[in-house]
Student: 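Got a structure for you, written out below as C-alpha cells; questions coming shortly.
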Amino acid sequence: MRFDDRLDPLLEEIAQRIRTCTKCPLAEGRTNTVPGEGPQHATMMLVGEAPGSAEDGSGRPFVGQSGKLLTETMASVGMERENVFITNIVKCKPPDNRDPQEKEIGACAPYVLSQMDSISPIVLVTLGNVSYDFFSTTFYLPKKQVGEVRGKVFRLHSTACKYLIPTYHPAAVIYNRKLLPDFKEDLKKAERYLKVQW
Ligand code: URA
Ligand code: SF4
C-alpha cells in the first residue's frame, strides 16, 4: 500500500454527522450539538462527559464553570487550549445535568472513537469517571474509579493514540478544591508525555 492511499475521516465531516444526529433521545432536548473543537493535527485530546447548559447554548465544549477551571489549569502548566482537541463522550446535553445513560453512550461512542482515529493524538486525557469508564471498557484497562487511576499512564496498543492518562473532572475539582494539585500535576504529566519517545 502506498501511504498516500490513506484517507482519514476529517474532523469536520464527523462534526457534520453529529450536528444532524438523532441516534438517541438526547437529540430532543438539545439546543446545539457539541462536537468538540481543536486542530485536526492536535497531539493532545481531552475528553469530558457531556455538554452542560453553557455548552448546549454555544455549541462549544467546556465554556462554563468547569471550562473556566480547565482552561486556567491547562494554561498554568503550559498547555495551550488552542492546540488541544477538546470533546466529550456524548455530544448532546442530558436533561437536568444527569449522567449520560449507557444506551446514550453506546449510540454516541462511534463519534469520539472516529475523532480519535482522525486526529491520532499522542496523549488522550480522560476527565472524570464517565470518560475513563468508557475508554477503560474500550481498551481493556482496569475497571477502577478515577481516584484510583488518576495520573497513571496507560500505554495504548492502538495505532490511533499512544498514551491514555486519566484525571478528575474539573467539576469535581470545583466541588473539592483539595483535588486541584493532583489535577494540575496530571495535566502537567500529560504535557510531558507529548515529548516521550517510543
Ligand atoms: N462538563 C463536561 O463534561 N463537558 C463539557 O463540555 C462541560 C462540562
Ligand atoms: Fe447523536 Fe450523540 Fe446526540 Fe445522541 S448524544 S443524538 S448519539 S450526537
Side-chain angles (χ1 to χ4, degrees), residues 9-38 42 44-75 79 81-82 84-119 124-138 145-147 150 164-176 179-180 183 186-187 190:
L10 291 173
L11 283 177
E12 186 46 36
E13 288 166 13
I14 301 166
Q16 279 173 21
R17 303 280 189 96
I18 293 169
R19 287 186 197 110
T20 56
C21 179
T22 54
K23 283 198 298 176
C24 90
L26 295 183
E28 286 153 34
R30 75 185 178 215
T31 309
N32 290 293
T33 61
V34 184
E37 66 185 19
M44 175 87 67
M45 180 165 167
L46 261 56
V47 184
E49 179 178 320
S53 298
E55 293 76 23
D56 180 62
S58 65
R60 296 183 55 211
F62 284 103
V63 292
Q65 286 291 314
S66 294
K68 185 167 181 282
L69 181 87
L70 177 64
T71 308
E72 285 170 5
T73 313
M74 287 167 80
M79 196 187 275
R81 183 171 161 135
E82 58 269 30
V84 176
F85 187 79
I86 305 182
T87 191
N88 289 296
I89 297 289
V90 301
K91 314 302 193 191
C92 302
K93 182 182 100 71
D96 307 321
N97 271 333
R98 68 154 170 77
D99 281 359
Q101 294 170 354
E102 217 168 295
K103 272 192 181 165
E104 295 156 356
I105 292 172
C108 213
Y111 296 127
V112 78
L113 292 174
S114 303
Q115 288 172 324
M116 189 174 163
D117 268 346
S118 176
I119 297 165
L124 185 150
V125 175
T126 61
L127 302 169
N129 277 314
V130 168
S131 181
Y132 179 70
D133 191 61
F134 170 75
F135 285 103
S136 63
T137 303
T138 305
Q145 292 292 301
V146 71
R150 60 138 286 268
L164 184 149
I165 302 178
T167 192
Y168 297 114
H169 193 286
V173 183
I174 291 173
Y175 185 74
N176 179 4
L179 302 180
L180 183 61
F183 183 57
D186 296 346
L187 293 184

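Since the model is a prediction, treat every value here as computed from it, not as a measurement. Every heavy atom of this structure was used, including side-chain atoms; hydrogens, water molecules and symmetry mates were not. In listed order, ligands and their atoms are each counted from 1.
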Student: Okay, side chain of Ser131, backbone of Val47: is any donor-acceptor separation there less than 3.5 Å?
Tutor: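 Answer holds: yes.
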Student: Would you give the length of the straight line joining atom CG of Leu187 to atom CE of Met79, rounded to the nearest 0.5 angstrom?
Tutor: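 Between atom CG of Leu187 and atom CE of Met79 there are 5.0 Å.
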Student: How does Glu49 reach ligand 1, if at all, at less than 4.0 Å between non-hydrogen atoms: by side chain, backbone, both, or neither?
Tutor: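 Both backbone and side chain of Glu49 come within 4.0 Å of ligand 1.
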Student: Any atoms of ligand 1 less than 4.0 Å from a non-hydrogen atom of His169? List them with their elements.
Tutor: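 Near His169, the atoms of ligand 1 are 1 (N), 2 (C), 3 (O).
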Student: Hey, which protein N/O/S atoms does atom 2 (Fe) of ligand 2 have under 2.8 Å?
Tutor: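 Result, waters dropped: Cys108 SG.
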Student: Give the atom numbers and elements of ligand 2 that come within less than 4.0 Å of a heavy atom of Arg30.
Tutor: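 Per the distance check, 3 (Fe), 6 (S).
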Student: Step by step, work out the salt bridge (Lys or Arg N to Asp or Glu O under 4.0 Å) result for Glu72 and Lys68.
Tutor: CA-CA 6 Å; Glu72 285 170 5; Lys68 185 167 181 282; 3.2 Å; yes
Student: Tell me the protein heavy atom at minimum distance from atom 4 (N) of ligand 1, and give that distance in Å.
Tutor: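 Looking only at protein heavy atoms, the one closest to atom 4 (N) of ligand 1 is Asn88 OD1, 2.7 Å.
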Student: For the CD atom on Gln16, are there more than 12 heavy atoms of other groups (residues, nucleotides or ligands in this structure) within a distance under 6.0 Å?
Tutor: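 More than 12 heavy atoms, drawn from other residues, nucleotides or ligands, come within 6.0 Å of this atom.
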Student: Ignoring angles and geometry beyond distance, decide whether Ser66 reaches within less than 3.5 Å of ligand 1 through its nitrogen or oxygen atoms.
Tutor: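 Among all N and O atoms of Ser66, none is under 3.5 Å from an N or O of ligand 1.
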Student: Does an N or O from Ala50, backbone or side chain, lie closer than 3.5 Å to an N or O of ligand 1?
Tutor: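 Checking ligand 1 against Ala50, an N or O pair does fall under 3.5 Å apart.
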Student: Under the ring pair (Phe, Tyr, Trp, His ring centres under 6.0 Å) definition, can you give me all pairs with a residue in residues 44-68, not counting sequence neighbours?
Tutor: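 As it turns out, the ring pair (Phe, Tyr, Trp, His ring centres under 6.0 Å) pairs with a partner in residues 44-68, which skip direct neighbours, are Phe62-His169.
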Student: If I apply the N/O under 3.5 Å rule, does Pro61 come out as touching ligand 1?
Tutor: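 For ligand 1, there is no N or O atom that lies under 3.5 Å from one belonging to Pro61.
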Student: Are the side chain of Asp56 and the backbone N or O of Arg30 linked by a donor-acceptor pair below 3.5 Å?
Tutor: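 Absent.
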Student: Drop me the distance from Lys23's NZ to Cys92's SG, to the nearest 0.5 angstrom.
Tutor: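 Result: 11.0 Å between the selected atoms.
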Student: Is a side-chain donor or acceptor of Glu55 paired with a backbone partner of Gly64 at a separation under 3.5 angstrom?
Tutor: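 Pair found, side chain donor or acceptor close to backbone of Gly64.
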Student: Can you tell if the side chain of Thr73 reaches within under 4.5 Å of the side chain of Pro170, non-hydrogen atoms only?
Tutor: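 No - every pair of side-chain heavy atoms lies 4.5 Å or more apart.
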